[in-house]
Amino acid sequence: AELDTFRERIAKLALPEQAKKRIDEEMHKFSLLETGSPEYTVTRNYLDWLTVLPWGVHTQDKIDLEHARKILDRDHDGLDDVKERIIEFLAVGAMRGEMAGSILLLIGPPGVGKTSIGKSIAEALGRKFYRFSVGGMRDEAEIKGHRRTYIGAMPGKFVHALKEVESANPVIMLDEIDKIGASYQGDPASALLEVLDPEQNADFLDHYLDVRFDLSKTLFICTANDFSIPSALLDRMEVIRLSGYITEEKVAIAKHHLWPRVLTRAGLKKNQLAISEGALRHVIEGYAREAGVRNLEKQLGRVARKAVVKILGGAATPIKIGVKEVEAYLDKPVFSREKPMSGVGVVTGLAWTSMGGATLPIEASRVHTLNRGFKLTGKLGEVMKESAEIAYSYIASHLKPYGADAKFYDTSFVHLHVPEGATPKDGPSAGVTMATALLSLAKNAKIGRPLAMTGELTLTGQVLPVGGIREKVIAARRVGINELILPDANRRDFDKLPEHIRAGFTVHFAKRYQDVAAVVF
Ligand code: ATP
Ligand code: MG
């Protein structure tokens with residue numbers, strides 16, 4: 001009877017020669033085996049896997065750019081540049097007549113819509129979608145399966161995916177590709193390369209399956225929070241960055257997407273619970289200050305649940321949530337309108353982390369005047385420590401030209417601290433900020449206005465370009481900073497930003513540290 005099931009399945013497939021041969025052999029063997037013998041079960045499982053895969057089964061691609069644009073717009077507010085990149089990507093596919101042979105990488109902080117964009121791409125193409133996380137994978141067998149000689153051997157994730165989607169050309173999304181591990185169990189990253197690489201994956205070999213399966217028609221979309229991705233993989237990927245939202249964008253996302261979904265989930269109708277735009281803004285700035293919108297959705301969900309309790313308790317509908325009601329529903333705001341720190345020796349920098357952009361205050365203080373010396377705290381990485389040393393050397397040797405007492409650091413033991421100790425920080429982009437903190441200290445001059453800066457500093461006072469300009473500008477906006485100092489070489493990155501993100505900023509571009517000092521003091 002089982003043989004019949006297998007035969008029925010095979011009849012619907014377009015088996016490649018090699019697979020057909022293997023299946024025939026196994027069927028023959030299976031027919032001779034005694035029911036109940038261990039070998040019987042093993043062979044039956046193997047045949048089950050071989051015959052359940054979508055050999056030669058493909059869904060027809062719908063490559064219609066108008067249709068794709070509609071779906072992307074329907075599911076996502078904003079993200080114009082991202083959508084445009086995806087349309088270009090699909091257009092190339094349309095031109096070549098197939099979508100195969102490329103790997104997309106969506107990179108950005110949590111909750112900015114990476115997974116959701118991936119789903120929309122699959123829907124636009126009319127393809128099946130399958131998603132799994134490779135974060136924390138340490139064993140190559142999770143990708144390529146176990147050899148059948150192992151007891152309890154299983155195929156790897158990709159074969160599972162194919163079985164699930166019943167199509168040989170799905171969209172497969174691999175989440176957290178930046179968090180893939182390596183261990184004594186082999187190197188999953190290099191196994192992954194074999195799967196993703198369009199030059200190799202037509203002959204993908206799962207150890208359990210032991211017959212090659214053509215994965216070259218699959219569209220792979222990877223997601224990651226940062227660029228810590230093996231370079232062999234990164235080289236083959238088409239990178240699209242999502243950088244986080246400003247308040248106005250979040251308001252639109254909340255209105256059009258999150259709130260309707262939250263209502264549905266709570267079993268509420270639009271005319272039972274309403275929230276004002278002001279209230280949304282208050283939730284965003286007071287309770288959900290993040291790059292993405294996941295926490296925002298959670299907070300809105302809390303509001304809806306509390307409203308449900310009230311309605312069931314007999315409250316009159318519609319319930320209207322305004323700014324005042326938000327605090328009654330969600331307690332005190334987690335973030336009060338945070339003012340950038342200020343004072344002598346305190347300067348606001350801008351950082352870029354895998355969670356998105358952030359402001360990064362830096363403090364310098366003179367501990368005592370007995371001898372010269374310098375200490376650093378704040379859980380800094382090696383590169384950041386070095387840029388602190390550079391900032392110190394540069395400022396200590398250039399005090400006079402900047403109008404400070406040339407001997408100030410001869411009799412100062414200084415302590416430079418980067419607060420928010422919980423987050424590890426690294427990178428050279430705080431160089432100018434640390435130098436400015438040290439100069440502010442030596443000049444006994446504080447910066448009395450909302451100003452933030454970023455830039456790498458060299459020993460001779462050059463200001464070099466840094467990454468993550470967009471994320472940093474968004475972070476500055478989030479805390480109400482409206483004046484920025486950026487490296488001159490980043491001018492283009494700033495000019496490329498959409499108008500609504502750039503608007504309202506006074507920006508100074510610096511080539512040398514002199515330019516920075518001239519703006520600040
Ligand atoms: P992670 O890195 O944590 O996996 P992610 O980038 O994959 O995050 P998603 O799960 O895609 O984030 O998005 C979180 C939620 O926010 C989803 O419900 C998604 O629909 C919604 N969302 C994010 N961005 C937008 C947007 N631009 N328009 C509409 N909804 C959005
Ligand atoms: Mg995701």
Side-chain angles (χ1 to χ4, degrees), residues 68-87 103-124 129-137 157 161 171-180 220-229 237 239-266 275 277 280 283-284 287-304 352-358 468 470-471 474 478 498 500-501:
R69 212 183 289 266
K70 245 189 233 143
I71 289 187
L72 286 169
D73 285 338
R74 182 198 68 197
D75 296 343
H76 303 93
D77 250 290
L79 295 177
D80 291 341
D81 45 346
V82 173
K83 290 174 187 168
E84 210 41 53
R85 285 284 311 276
I86 288 167
I87 293 293
I103 314 165
L104 277 180
L105 172 65
L106 302 174
I107 196 158
V112 292
K114 299 181 296 295
T115 300
S116 154
I117 284 275
K119 281 189 192 154
S120 294
I121 294 176
E123 187 184 340
F129 182 77
Y130 188 91
R131 172 169 87 101
F132 65 94
S133 176
V134 296
M137 261 192 195
K157 257 300 179 185
V171 172
I172 295 187
M173 177 172 265
L174 306 173
D175 275 330
E176 305 197 305
I177 192 138
D178 51 340
K179 305 200 176 55
I180 195 164
F220 293 104
I221 305 180
C222 304
T223 78
N225 293 138
D226 62 46
F227 279 102
S228 54
I229 295 169
M237 294 175 168
V239 179
I240 298 184
R241 281 175 63 171
L242 292 81
S243 44
Y245 301 111
I246 62 176
T247 302
E248 289 317 307
E249 292 169 322
K250 289 186 190 175
V251 169
I253 294 171
K255 260 206 286 201
H256 303 141
H257 300 277
L258 309 181
W259 185 249
R261 193 151 60 211
V262 157
L263 288 183
T264 315
R265 230 177 269 147
I275 189 164
E277 199 165 309
L280 284 176
V283 176
I284 291 166
Y287 302 84
R289 213 175 277 175
E290 50 181 342
V293 296
R294 188 164 293 129
N295 188 31
L296 172 60
E297 186 167 356
K298 249 185 237 161
Q299 298 299 335
L300 295 177
R302 279 178 66 196
V303 171
W352 174 36
T353 69
S354 58
M355 303 296 285
R470 183 185 173 120
E471 290 81 355
I474 290 173
R478 223 162 19 229
H500 69 279
I501 292 180

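Start at 1 and go down the list; that is how both ligands and their atoms are numbered. Model, not experiment: these values are computed from the prediction.
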Q: To the nearest 0.5 Å, tell me how far T223 OG1 sits from L105 CG.
A: 8.0 Å
Q) Rounded to the nearest 0.5 Å, how far does CG of D80 lie from CD of E249? A) 8.5 Å
**Q.** E290 side chain to N295 backbone, donor-acceptor under 3.5 Å
**A.** yes
**Q.** Pick from I253, L296, D175: the one approaching atom 31 (C) of ligand 1 most closely through a non-hydrogen atom
**A.** I253
Q: Check whether any N or O atom of I117, backbone or side chain, sits under 3.5 Å from an N or O atom of ligand 1, and answer yes or no.
A: no
**Q.** Check against side chain to side chain contact (heavy atoms under 4.5 Å, CB included), H257 and V293
**A.** CA-CA 11 Å; H257 300 277; V293 296; over 6 Å; no
Q. Can H500 and E248 be said to form a side chain to side chain contact (heavy atoms under 4.5 Å, CB included), step by step?
A. CA-CA 9 Å; H500 69 279; E248 289 317 307; 6.0 Å; no
Q | Close approach, V112 and ligand 1, non-hydrogen under 4.0 angstrom | A | yes
**Q.** Atom indices of ligand 1 within 4.0 angstrom of G113 heavy atoms, with elements
**A.** 5 (P), 6 (O), 9 (P), 11 (O), 12 (O), 13 (O), 23 (C), 24 (N)
Q. Hey, what do you get for CZ (R69) to CD1 (I86), rounding to the nearest 0.5 Å?
A. 11.5 Å
(Q) Could you identify the single nearest non-hydrogen protein atom to atom 24 (N) of ligand 1 and state the distance to 0.1 Å? (A) Y245 OH, 3.0 Å
Q. Considering E249, K83, R294, H257, which one's heavy-atom position lies nearest to atom 10 (O) of ligand 1?
A. R294
Q: State the count of protein N/O/S atoms located less than 2.8 Å away from the Mg ion (ligand 2).
A: 1
Q) Would you call R261 a ligand 1 contact, heavy-atom distance under 4.0 Å? A) yes
Q: Please verify whether a non-hydrogen atom of D75 lies at under 4.0 Å from ligand 1.
A: yes
Q: Do me a favour and list the nearest non-hydrogen protein atom to atom 8 (O) of ligand 1 with residue, atom name and distance?
A: G111 N, 2.8 Å
**Q.** Nearest-0.5 Å distance that lies between atom CG in L300 and atom CG in L280
**A.** 6.5 Å
Q: Could you point out which residue of I71, D73, T115 forms a side-chain contact (heavy atoms from CB on, under 4.5 Å) with S120?
A: I71
**Q.** Distance filter under 4.0 Å to L79 heavy atoms, resulting ligand 1 atoms
**A.** 27 (N)
Q) Which heavy atom of the protein is the closest neighbour of atom 11 (O) of ligand 1, given with residue, atom name and distance? A) S116 N, 2.9 Å
Q) Below 4.0 angstrom, N of the basic side chain to O of the carboxylate: do K250 and E297 qualify? A) no
Q | Distance-only N or O hit between ligand 1 and P110, under 3.5 Å | A | no
**Q.** Donor-acceptor contact present, side-chain K114 to main-chain L242, <3.5 Å
**A.** no
Q | Taking atom 28 (N) of ligand 1 as the reference point, the nearest protein heavy atom with its distance | A | D77 N, 3.0 Å
(Q) Under a 4.0 angstrom heavy-atom cut-off, which atoms of ligand 1 come close to V293? (A) 16 (O), 21 (C), 22 (N), 23 (C)
Q) Which residue and non-hydrogen atom of the protein lie closest to atom 2 (O) of ligand 1, and at what distance in Å? A) K114 NZ, 2.7 Å
**Q.** Nearest heavy atoms of L296 and A254, plus distance in Å
**A.** CD2-CB, 4.2 Å
**Q.** Proximity to ligand 1 by part of E297, non-hydrogen separation under 4.0 Å
**A.** side chain
Q: Give a yes/no on ligand 1: does N225 have at least one heavy atom closer than 4.0 angstrom to it?
A: yes
Q. Given that the side chain starts at C-beta and the backbone is N, CA, C, O, which of these parts of T115 lies under 4.0 Å from ligand 1, counting heavy atoms, or is it both or neither?
A. both
Q: Flag H76 as yes when one of its N or O atoms lies below 3.5 Å from any N or O atom of ligand 1, and as no otherwise.
A: no
Q) How far does SG of C222 sit from CG of L174, to the nearest 0.5 angstrom? A) 4.5 Å
Q. Run the side chain to side chain contact (heavy atoms under 4.5 Å, CB included) check on R74 and H256 step by step: do they pass?
A. CA-CA 9 Å; R74 182 198 68 197; H256 303 141; over 6 Å; no
Q) Heavy-atom contact under 4.0 Å between G292 and ligand 1? A) no
Q: Determine, stepwise, if the pair V303 / Q299 fulfils side chain to side chain contact (heavy atoms under 4.5 Å, CB included).
A: CA-CA 6 Å; V303 171; Q299 298 299 335; 5.9 Å; no
Q: Determine whether Y287 and R302 make a side-chain contact, defined as any pair of heavy atoms from C-beta on separated by less than 4.5 Å.
A: no
Q.
To the nearest 0.5 Å, what is the distance between CD1 on I117 and CD1 on I121?
A. 6.5 Å
